[in-house]
Participant: 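Supplied in structure tokens, the structure appears directly below.
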2 protein chains.
Amino acid sequence: MAKMIDVAKLAGVSVATVSRVLMGKGKVREQTRQKVLEAIKQLNYKPNRLARNLRRLESQTVVVVIPDISNPFFTEIVLGIQEIANQHGYHVLLGNTNNDVKREIQFIEMVKEKVADGVILVTVRNPKERFLKLAQEFPIVFACEYIKGAELPMVTIDNVRSAQCVVNYLVNLGHRKIGYIGGPQQVIVSRDRLQGFIQGVIQNDIPFEPAYITEGDFGIQSGIEMATKLLQLPSPPTAIFAANDEMAIGAIKAIKNHGLSVPKDIAIVGFDNITMSTVVEPALTTISQPRRQIGQKAMELLLQLIHNPMLKREHIVLPYELVIRQSCGNPSVWSDS
Amino acid sequence: MAKMIDVAKLAGVSVATVSRVLMGKGKVREQTRQKVLEAIKQLNYKPNRLARNLRRLESQTVVVVIPDISNPFFTEIVLGIQEIANQHGYHVLLGNTNNDVKREIQFIEMVKEKVADGVILVTVRNPKERFLKLAQEFPIVFACEYIKGAELPMVTIDNVRSAQCVVNYLVNLGHRKIGYIGGPQQVIVSRDRLQGFIQGVIQNDIPFEPAYITEGDFGIQSGIEMATKLLQLPSPPTAIFAANDEMAIGAIKAIKNHGLSVPKDIAIVGFDNITMSTVVEPALTTISQPRRQIGQKAMELLLQLIHNPMLKREHIVLPYELVIRQSCGNPSVWSDS
DNA sequence: CTGTTAGCGCATTCAG
DNA sequence: CTGAATGCGCTAACAG
């Protein structure tokens, strides 16, 4: 593999000059520049990033930590991140934790090893204090999930209000008995959505019924199980709101298994708007997060943080949207005030 | 950030000794080792990989090039790759081409920049000659897609035989009028599957009907369009085989739109066995590729190639499986001889 | 068993 | 505008 010195020799200049034309800064006579460029092309030379990065003490790489690469929800975020990263000549290393709490930290430590310059966390399972300390040391941005009550760079939607919006929508459709299938309570968005659900119920003067609240694990199977549980209640709900689309899809399956119909007997609302929610029948009404945009914003924030560690930590809240399909019947436009 | 020399000073030894205990080779007295370990812990030291890699002229990173990160089919392969990579202390850089032919090459060139030590290609859009040359220069392994008639390391299933197997299955069920929705013909697996389909038709003494053969782009929408086309034929098929699950799902939608039923009126078979194929109704009968295993094998091959560039290039063919669900009716076990 | 030393390939002073 | 020299942090060859 050709090295810089080879280029220098061929062009009859010093390595410093080659470096200058490569970096595009420092004055170089146009004529010399051309000679160097010519030599580079002739040798098919590419600078060794390892060396360059060591010299500059940066790796031009960021790592994105997600809990599950095979979950389509996260891949769309990664796409947004990659878009911005590539625009700025950064590489994206994908960190898959498989929901392993330890690996979350391991990936962050890659910054210490200089494998990466910063981290975007799309999963937050470790205790708050830990992150507060780590965020002090390294450039870290949180996307989708976040830390409550902390001054850290985060990009999310308002999970509380969006869940509340769903309840309003359902009530507006005439529902008074609304079941809820929540996500694992360790996850902050699960807690937020549950809170939003409860607020919605209360604000609509619906009697609070604890039996209507169940907890799944974000998988299809748990949606089936929790919906079944709700269906077996003495007075089953007429609508079910699941904290993500997979569980909502599971709920639809369960309802069909019971010989009931969606939305005629029971309305269903999901959360996240994954592709699968357009395939299921009936197509799922759901909350859509601007995933691509979340990824982009998170990466932009990280870039700023890397180049200016003293940056003010801001929490960016992006707008969500209720996508109305067929799973609540009555397809129509609707806007929460 | 603490450096090796800091550790050395604190432990009262030389950097060489620190390096030795880090690398785990070269004799070090147990007592000295403990001192070093202690110092490392105390300083919370992590070796700078940039420096280590520059010194060893390797990056301990591989790049995986896929056409579309949001396609669940590919993410499962990536999972298999990551598994093996992590076991060997390698990082995985994900390269998303978005089907851009140029980016395919750009990612391979990262090896030249020493950003990566090798490449796994899960997409092959560039001309064969190009890859033959690149494969000479860099450690490259092909997964799922491949180059025909070349001695290169590849991991795939037998796409021809698997498609043929589907036809046999359908014929066995009594179908004689079988429609086909193929993938883009630039993609080798599309050509293989089409070939397998045609071979299956011929070997079963079914009159060859060109109008039954259509071409989509692997998306749901194109499945809808092509199925609609088949349905409008004077003598429409009684079974449709789509070259991937997305198109098969599209076909199911189209058939339902026409007021027909799957599988009663028309049987459907897909290819790939993505999660969505269990959600659609009726659940899709499809060919399952051992994606995880393909990823693992590809990574193992690449590792060998990196450490021994003179390695014999072998094409590994993994077994496929026909997963029988409800989209052809008549759920049953079946084995192609 | 341990220390000294020479680069890995490049960017960047500092002279000229 | 250009070249010589220095060192980023670490590993490995060599010497002791």
Side-chain angles (χ1 to χ4, degrees), chain A residues 1-40 43-61 89 109-117 307, chain B residues 1-40 43-61 89 109-117 307:
Chain A
M1 210 93 308
K3 308 187 291 189
M4 190 179 275
I5 190 154
D6 300 320
V7 176
K9 275 181 192 152
L10 185 59
V13 297
S14 76
V15 289
T17 303
V18 177
S19 181
R20 281 190 195 99
V21 334
L22 243 33
M23 295 281 93
K25 52 185 175 187
K27 296 286 167 215
V28 180
R29 191 152 47 113
E30 183 55 26
Q31 193 184 331
T32 325
R33 222 176 73 85
Q34 288 308 329
K35 267 194 304 187
V36 172
L37 255 24
E38 177 56 34
I40 287 176
L43 291 171
N44 193 11
Y45 167 78
K46 283 257 180 190
N48 179 324
R49 292 239 188 209
L50 245 35
R52 168 181 294 182
N53 291 340
L54 173 60
R55 179 60 231 252
R56 316 215 324 203
L57 294 181
E58 64 181 25
S59 60
Q60 299 262 92
T61 301
E109 299 236 308
M110 288 171 63
V111 177
K112 199 188 287 180
E113 302 178 31
K114 281 290 163 205
V115 172
D117 298 334
H307 296 122
Chain B
M1 209 93 308
K3 307 186 291 187
M4 189 178 274
I5 190 151
D6 300 320
V7 176
K9 275 182 190 150
L10 185 60
V13 297
S14 74
V15 287
T17 302
V18 177
S19 180
R20 281 191 196 95
V21 333
L22 243 33
M23 295 279 91
K25 52 185 174 185
K27 298 283 167 217
V28 180
R29 194 153 44 117
E30 183 54 28
Q31 192 184 331
T32 323
R33 220 175 74 85
Q34 288 307 330
K35 267 195 305 188
V36 172
L37 255 25
E38 178 56 35
I40 286 176
L43 291 172
N44 194 11
Y45 167 78
K46 282 258 182 193
N48 180 324
R49 291 236 190 212
L50 246 35
R52 168 182 293 181
N53 291 339
L54 174 60
R55 178 60 231 245
R56 318 223 321 207
L57 295 181
E58 63 179 27
S59 60
Q60 300 264 89
T61 301
E109 299 235 309
M110 290 171 62
V111 177
K112 198 188 287 181
E113 302 178 33
K114 280 288 161 209
V115 171
D117 298 335
H307 297 120

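None of the values given here were measured: they were computed from a predicted structure.
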Participant: Could I get the full list of side chain to side chain donor-acceptor pair (under 3.5 Å) partners for Lys112(B), not counting sequence neighbours?
Facilitator: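 Residues passing side chain to side chain donor-acceptor pair (under 3.5 Å) with Lys112(B): Asn44(A).
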Participant: Under the rule for side-chain contact (heavy atoms from CB on, under 4.5 Å), what residues qualify as partners of Glu30(B), not counting sequence neighbours?
Facilitator: Arg33(B), Gln34(B)
Participant: May I have the distance from Glu113(A) (atom CD) to dC10(D) (atom C1'), rounded to whole angstrom?
Facilitator: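 Roughly 13 Å, once rounded to whole Å.
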Participant: Within the 4.0 Å limit for protein heavy atoms, which parts of nucleotides 3-9 of chain D are touched? Write it as a string from 5' to 3', B for base, S for sugar-phosphate only, - for none.
Facilitator: BB--BBB
Participant: If I take atom CG in residue Asp6(B) and atom C1' in nucleotide dC10(D), what distance separates them, rounded to the nearest angstrom?
Facilitator: 13 Å
Participant: Can you measure Lys25(A) atom NZ to dT13(C) atom C1' for me and round it to whole angstrom units?
Facilitator: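 Rounding to the nearest Å, NZ of Lys25(A) and C1' of dT13(C) are 13 Å apart.
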Participant: With sequence neighbours excluded, give me every salt bridge (Lys or Arg N to Asp or Glu O under 4.0 Å) pair touching residues 9-29 of chain A.
Facilitator: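 Counting only pairs at least two positions apart or across chains, no salt bridge (Lys or Arg N to Asp or Glu O under 4.0 Å) contact touches residues 9-29 of chain A.
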Participant: Can you check the Lys27(B) NZ to dA12(D) P distance for me, whole Å?
Facilitator: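 About 16 Å, once rounded to whole Å.
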Participant: Who pairs with Gln60(B) by side-chain contact (heavy atoms from CB on, under 4.5 Å), at least two apart in sequence or on another chain?
Facilitator: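 Checked Gln60(B) against side-chain contact (heavy atoms from CB on, under 4.5 Å); matches are Arg49(B), Asn53(B), Glu58(B), Tyr90(B).
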Participant: In whole angstrom, what separates Met23(B)'s CE from dT2(C)'s C1'?
Facilitator: 17 Å
Participant: Apply the side chain to side chain contact (heavy atoms under 4.5 Å, CB included) test between Val21(A) and each candidate in Thr32(A), Val28(A), Val13(A); give the one that qualifies.
Facilitator: Val28(A)
Participant: Mind checking side-chain contact (heavy atoms from CB on, under 4.5 Å) for Leu22(A) and listing every partner two or more places apart, or none if nothing turns up?
Facilitator: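 Checked Leu22(A) against side-chain contact (heavy atoms from CB on, under 4.5 Å); matches are Met4(A), Val18(A), Ile40(A), Tyr45(A), Pro47(A), Arg52(A).
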Participant: Send over the distance from Lys9(B) NZ to dT2(C) P, rounded to a whole Å.
Facilitator: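 Nearest whole value for this atom pair: 20 Å.
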